[in-house]
Amino acid sequence: MDKKVRVRIAPSPTGAIHVGLARSALYNYLFACSHGGTFVLRIEDTDVQRSTEESAQAIIKGLGWLGITFDEGPYYQSQRLDIYRKHADQLLQSGHAYRCYCTPERLEAERKKADAQRRAWRYDRRCLNLPEEERKKFEAEGIKPAIRFLVPEGSTSFTDLIHGSITREHKDIDDFVIVRSNGIPTYNFAVVADDHLMEISHVLRAVEHISNTTKQILLYNAFGWEIPAFAHLPLILGEDRKKLSKRHGAMSLAEFRRMGYLPDAMVNFLALLGWSPGGDREIISRQELVKLFSLERINTSNAIFDMQKLAWMNGEYLRTMDLPKLLEVFQEWLRFQEIELPAQYSSKDFLSKVLPLIAERSRTLAEVYDALLPYVCDDLTYDEEGLNKHFRKDPAAVKRWLLLYRERLEKLHEFNKETAEGVLRELVEELGIKAGEIIHPVRIAVTGRTVGPPLFDCLELLGRERVLERLKNLPV
RNA sequence: GGCCCCAUCGUCUAAUGGUCAGGACAUCACUCUUUCAAGGUGAAGAUACGGGUUCGAUUCCCGUUGGGGCUACCA
């Protein structure tokens, strides 16, 4: 048996949780589950400017919505500052790090200059070996130093579980800051301390961190710590082929939830974005994902998020969902959206009849809701194109037919879809017209739409009273 | 600019040193049908380019091109 698997997701709480983070979380979660390992959540809130507790909560809530649960945490880096401080001191002592009094302004100017000359900027180590009197002078001026890591000569290689061997020359890395002048550690430093202290065995994270990995390994070596296994996941790109960011607002988990996507479908879709079980499988349950998931089958190349396919997959889940579950997720979605149905139409009984007919032809819960509208709201809006097509060619005739049909419905001793269809068929026969010629106008008259469940189901759902009312108040 | 990563239909992907390069979404057509959706059938659609290695490369190697990431006292 392999050694204890401990993985983590380490998001920075600086905004909405987007699908990239969700996918990383999912892969970590699947990996942990399939190895009987532990999944840790650590909030990397060392950027005090941008981090918010609100965002941290959104991340936790978003993952919870997807059913991605963690075994440990959340840990907050902002609450572990003394730990980093202690370890930074250790590196200062051992000569692996040094204090730097350079002002951000000066560094920025240097960087600009180098850029203008199309030179690669690297910190010039001005503060390495700073004479004691100069140091004293800076201190006297009240300048708080940052702490930089002294990058040694040479090169570093590591084996990425997905990409294989990766090598980087140290000369391409400058002496990066590990502790800011305000005493708060930077990402590359805190991540190493925590991954070590939390005994993380496998670091599965997005490929954007692949070049940070060298810096981190340098840190592990300076401490003499064991290096975890690394696996860098391909990125999920927006439709503009760029890394997901605030610009891609609609890519946040909350947004997908609002649009009526189902957690199961999201998980299924995300799992397949960058990983494949091999073969032709598309619809895969959580349980199967846990069983099938393996690092070896993660792809190397970035993927573009395909909304169309997600919508299709969501529809698949919606369609195959059993009634109690459908009822549950729809009502939950209504609560999430803070939508309240009129009391007489919010009963389980009524929804149980109408929802299956609607869900069958919807792809999202938002679509379900939209299609439900004619049944729960008497303020109809009529489809203009439909009116043109089915009403306005011969309004007088259509109107006459509908009123005739209305009369027959009114006289029915029992009103249901069979009897409603029966009298319509009779009427059609008598009038010598095609069934479609009256079915379509009736649908529009009673639902406002050209599309929907089979007409006689609609009539039964609406009930005689509303049908008669709507057949009287014709739209033209 | 420098460094790193990547490269199969429009998109997600399968495959392998020898396949008619397979599937899914999307698209189009037909079919089913009172509409829509779903279903069924079919069509179109890819190994970026150039060199090697090899009897044979989509697959292995090199280069080019393209894309992406990093290059912060962001993560």
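Below, chain A is the first sequence line, B the second, and so on; all start at residue 1.
Within the nucleic acid shown, A/Ser181 comes within 4.0 Å of at least one base atom, counting heavy atoms only. Counting any heavy atom pair closer than 4.0 Å across all strands shown, A/Gly436 reaches no nucleic acid atom. Heavy atoms of A/Glu282 sit under 4.0 angstrom from at least one base atom. Residue contacts shown for A/Glu360 include a base, since a base heavy atom lies under 4.0 Å away. Residue-level contact check: A/Ala303 touches the backbone only, with heavy atoms under 4.0 Å from sugar-phosphate atoms and none from bases. Residue-level contact check: A/Arg168 touches the backbone only, with heavy atoms under 4.0 Å from sugar-phosphate atoms and none from bases. Residue A/Phe269 is classed as having no contact, given no heavy-atom separation below 4.0 Å to the nucleic acid. At the heavy-atom level, A/Gly274 lies under 4.0 Å from the strands shown only through sugar-phosphate atoms.
Rounded to the nearest Å, the gap between the C1' atom of B/rG42 and that of B/rU47 is 25 Å. B/rA44 and B/rA24 have their P atoms separated by 15 Å, given to the nearest Å. A distance of about 12 Å separates the C1' atoms of B/rA46 and B/rU13, rounded to the whole Å. Taking atom C1' in both B/rC70 and B/rC28, one finds a spacing of 43 Å when rounded to whole Å. A distance of about 14 Å separates the C1' atoms of B/rG56 and B/rU19, rounded to the whole Å.
Dashed line: the shortest gap from a side-chain N or O of A/Arg23 to OP1 or OP2 of B/rC12 is not under 4.0 Å. Side-chain N/O atoms of A/Thr46 include one lying less than 4.0 angstrom from OP1 or OP2 on B/rA75. Distances shorter than 4.0 Å separate none of the side-chain N or O atoms of A/Arg50 from OP1 or OP2 on B/rA72. Applying the 4.0 Å criterion to OP1 and OP2 of B/rU34, one finds that A/Arg449 has every side-chain N and O outside that range. The side chain of A/Thr450 contributes no N or O atom lying less than 4.0 Å from OP1 or OP2 of B/rC36. In terms of phosphate contacts, A/His209 brings no side-chain nitrogen or oxygen within less than 4.0 Å of OP1 or OP2 of B/rC70. Note on A/Arg106: every side-chain N or O is 4.0 Å or more away from OP1 and OP2 of B/rC73. Neither OP1 nor OP2 of B/rG69 sits under 4.0 Å from any side-chain N or O of A/Asn212. Note on A/Ser276: every side-chain N or O is 4.0 Å or more away from OP1 and OP2 of B/rC12. Of the side-chain N and O atoms in A/Arg363, none sit less than 4.0 angstrom from OP1 or OP2 of B/rA37.
With a 4.5 Å cut-off on side-chain heavy atoms, A/Pro277 and A/Trp275 count as touching.
Atom OH in A/Tyr101 sits 8.5 Å away from atom CZ in A/Phe138 (nearest 0.5 Å).
The partner of B/rC60 is B/rG52, by the rule that a Watson-Crick or G-U pair needs both atom distances under 3.5 Å. When both pairing distances are held under 3.5 Å, B/rU47 makes no Watson-Crick or G-U pair with any nucleotide shown. B/rA75 is unpaired under the Watson-Crick or G-U wobble criterion, no partner having all donor-acceptor distances under 3.5 Å.
Nearest heavy atoms, A/Asn221 versus A/Ile227: ND2-CD1, 3.7 Å.
Ring centers of A/Phe293 and A/Tyr27: under 6.0 Å apart, within the cut-off. Centroid-to-centroid, the aromatic rings of A/Phe70 and A/Tyr29 stay 6.0 Å apart or farther.
Checking each of A/Ser55, A/Ser78, A/Ser12 against A/Asp45 for a side-chain hydrogen bond (donor to acceptor under 3.5 Å, both in side chains) leaves exactly one that passes, namely A/Ser78.
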